Amino acid sequence: MKTIPIAGKQKINAIKSKKNSDVFYSSQWRLMYHRLKKHKLARISLVILACFYIAALFAQFIAPYGLESYDSKYVNAPPAKVSFIDAEGKFQFRPFVYDLKSARDPVTLRKVFVPDEKVRHSIRFFVKGESYKFLGLIPTNRHLFGVDQPGRVFIFGTDVMGRDLLSRIVMGSQISLSIPLIGVTISFVLGLFIGGVSGYFGGWIDSVIQRFIEIIRSFPTLPLWMALSAAIPPRVPVVTMYIYIVIIFAFIGWTELARVARGKFISLKNEEYVLAAKIAGVSDAKIIIKHLLPGFISYLVVATTLAIPGMILGETAMSFLGLGIRSPATSWGVLLQEAQQIENVALYPWKLIPLGFVIVTVLTFNFLGDGLRDAADPYKK
């Protein structure tokens, strides 16, 4: 057994004590980072969300077809089966899909699609396709994957108009994932400002603000969405509709954070360090920014993270009911409109695939929020 010299042991102990002291004397954000690294679900959720947002950023490159691309020959076509082994049992180094041909179900006489094993389309990467502007700036026609013309590949199948469902899901993520972030950001600013003013100054200002918050919170959410959506002019451009939806969510979502911010400001404004700052002649704005906000900024980060799933579900519900984004634009809620009818889902179950993306996104944000909440807990070891 190899022995370690006394000097070596002292060096190892010094390194260990240095690491422990670094953790012990770290800032609040560094402590949160160390705790968050130990939360496996939060880390996995962060990776999944990063993949989703990267896909949304490069949606036009990842999607094999555009939003306006359709083919009437492939209406309600099932998802394509990607394979490496052909009909003769031979292994192919390049993945491929078989062409689809229409047939009649002998029992129901319904039109169905069956693979045509005589026609094979190899899947290629960085293929040429429909033209678009990469990141909205660079004109190009390269897509991540696809097949040579006139072949078609539908990984998730098609919709009632013969449009590729995968392309529409990826494109729809740009709206379904960005509206919550923008809406939560606006709600965060409004809630923090209005709630901070209410809690810090108190008196008649606090009474007026709280009564206004109670009026907004007394309205049921869905009727309030419908009323605000009815105020949007019909046939507005897609970008304008997008802005209106963000404003609707920001107008509704700030009240809860305002209530929390008010309570935190009331509990902290009478602390000794705040009173000392007032005696020293520090302005109210500096006291709020320098002394009060850092006292519960970790909670604000957690509350913001947990508010995003509600925004995602809200946008999905509004689009699902026809009150939000409308065609030709798309979002996950718009895609789920075709899943309203039971018979439609029974015949074409792949139309529920967008629901899976909604569920995964909401769960990952909740898991990430739980991890941040545990990491921000000052009493957690």
Side-chain angles (χ1 to χ4, degrees), residues 47-103 111-177 328-332 335 348-354 356-357 360:
V47 172
I48 294 174
L49 289 174
C51 293
F52 278 9
Y53 277 97
I54 291 173
L57 182 62
F58 301 102
Q60 291 178 306
F61 169 70
I62 295 174
Y65 307 105
L67 287 178
E68 298 180 358
S69 176
Y70 69 95
D71 195 330
S72 57
K73 289 168 49 179
Y74 299 102
V75 172
N76 292 325
K81 182 181 179 181
V82 181
S83 179
F84 286 89
I85 301 175
D86 60 17
E88 299 176 357
K90 296 180 180 180
F91 179 81
Q92 305 293 326
F93 290 98
R94 188 183 294 275
F96 66 89
V97 294
Y98 286 117
D99 197 13
L100 295 176
K101 60 181 181 180
S102 60
K111 180 182 177 180
V112 294
F113 289 92
V114 294
D116 186 0
E117 297 180 352
K118 296 180 181 179
V119 183
R120 189 173 64 197
H121 301 295
S122 297
I123 297 178
R124 305 182 185 277
F125 293 95
F126 305 106
V127 298
K128 291 184 178 180
E130 298 179 14
S131 299
Y132 64 95
K133 286 187 177 181
F134 184 70
L135 297 178
L137 300 172
I138 306 171
T140 183
N141 61 354
R142 292 288 177 178
H143 294 262
L144 179 61
F145 71 95
V147 296
D148 294 332
Q149 297 294 335
R152 308 279 282 181
V153 55
F154 305 115
I155 303 298
F156 287 166
T158 63
D159 61 6
V160 71
M161 295 181 63
R163 295 173 295 190
D164 179 41
L165 192 57
L166 172 62
S167 299
R168 301 196 72 204
I169 289 174
V170 175
M171 296 285 194
S173 67
Q174 293 182 319
I175 291 178
S176 294
L177 294 178
T330 187
S331 70
W332 291 344
L335 296 178
Y348 315 115
W350 56 88
K351 293 184 179 180
L352 284 177
I353 293 178
F357 283 86
V360 171

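A quick note: this is a predicted structure, and the numbers were derived from the prediction, not measured.
- Side-chain rings of F154 and F156 stay apart, their centers remaining 6.0 Å or farther from each other.
- For the residue pair Y70 and R163, the shortest heavy atom distance occurs at CB-CG, 3.6 Å.
- Across L166 and P64, no two heavy atoms sit closer than the pair CD2-CD, 4.4 Å.
- Closest of all the heavy-atom pairs between K101 and P115 is CE-O, 4.3 Å.
- In terms of heavy-atom proximity, V153 sits nearest to G146 at CG1-CA, 4.2 Å.
- Taking a 6.0 Å sphere around OH of Y53, one finds it holds more than 12 heavy atoms contributed by other residues, nucleotides or ligands.
- Judged purely by atom type and a 3.5 angstrom limit, S176 uses its side chain to pair as donor or acceptor with the backbone of W332.
- Between T140 atom OG1 and K133 atom NZ the span is 12.5 Å, to the nearest 0.5 Å.
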Test side chain to side chain contact (heavy atoms under 4.5 Å, CB included) on I123 and V97 and set out the steps. CA-CA 7 Å; I123 297 178; V97 294; 4.1 Å; yes
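- Q60 contributes no side-chain N or O that, together with a main-chain N or O of Y132, makes up a donor-acceptor pair within less than 3.5 Å.
- Atoms CE and OG, from M161 and S69 in turn, are 11.0 Å apart once rounded to the nearest 0.5 Å.
- In this structure, CD on Q174 lies 8.0 Å from CG on L57, to the nearest 0.5 angstrom.
- In summary, of the residues considered (K128, H121, R124), a side-chain hydrogen bond (donor to acceptor under 3.5 Å, both in side chains) with D148 occurs for R124 alone.
- Interatomic distance, F145 CZ to I155 CD1, rounded to the nearest 0.5 Å: 5.0 Å.
- Among all heavy-atom pairs drawn from L137 and P139, the shortest one is O-CD, 3.4 Å.
- The two atoms that bring M171 and A63 nearest to each other are CE-CB, 4.1 Å, heavy atoms only.
- The 12-atom threshold is exceeded at NZ of K111, counting heavy atoms of other residues, nucleotides or ligands nearer than 6.0 Å.
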Does the pair N76 and V160 meet the rule for a side chain to side chain contact (heavy atoms under 4.5 Å, CB included), with working shown? CA-CA 5 Å; N76 292 325; V160 71; 4.1 Å; yes
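- When the shell of 6.0 Å around CZ of F91 is examined, it contains more than 12 heavy atoms from other residues, nucleotides or ligands.
- Taking OG of S131 as the reference point, atom CZ of R142 lies at 11.0 Å (rounded to 0.5 Å).
- A donor-acceptor contact shorter than 3.5 Å is absent between the side chain of T158 and the backbone of D164.
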Side chain to side chain contact (heavy atoms under 4.5 Å, CB included) between V147 and V127: does it pass, once the steps are laid out? CA-CA 7 Å; V147 296; V127 298; over 6 Å; no
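- Here F84 contributes atom CZ and F96 contributes atom CZ; the two are 9.0 Å apart, rounded to the nearest 0.5 Å.
- Relative to the six-membered ring of Y65, R152 meets both conditions, a distance below 6.0 Å and an angle of at most 45° to the axis.
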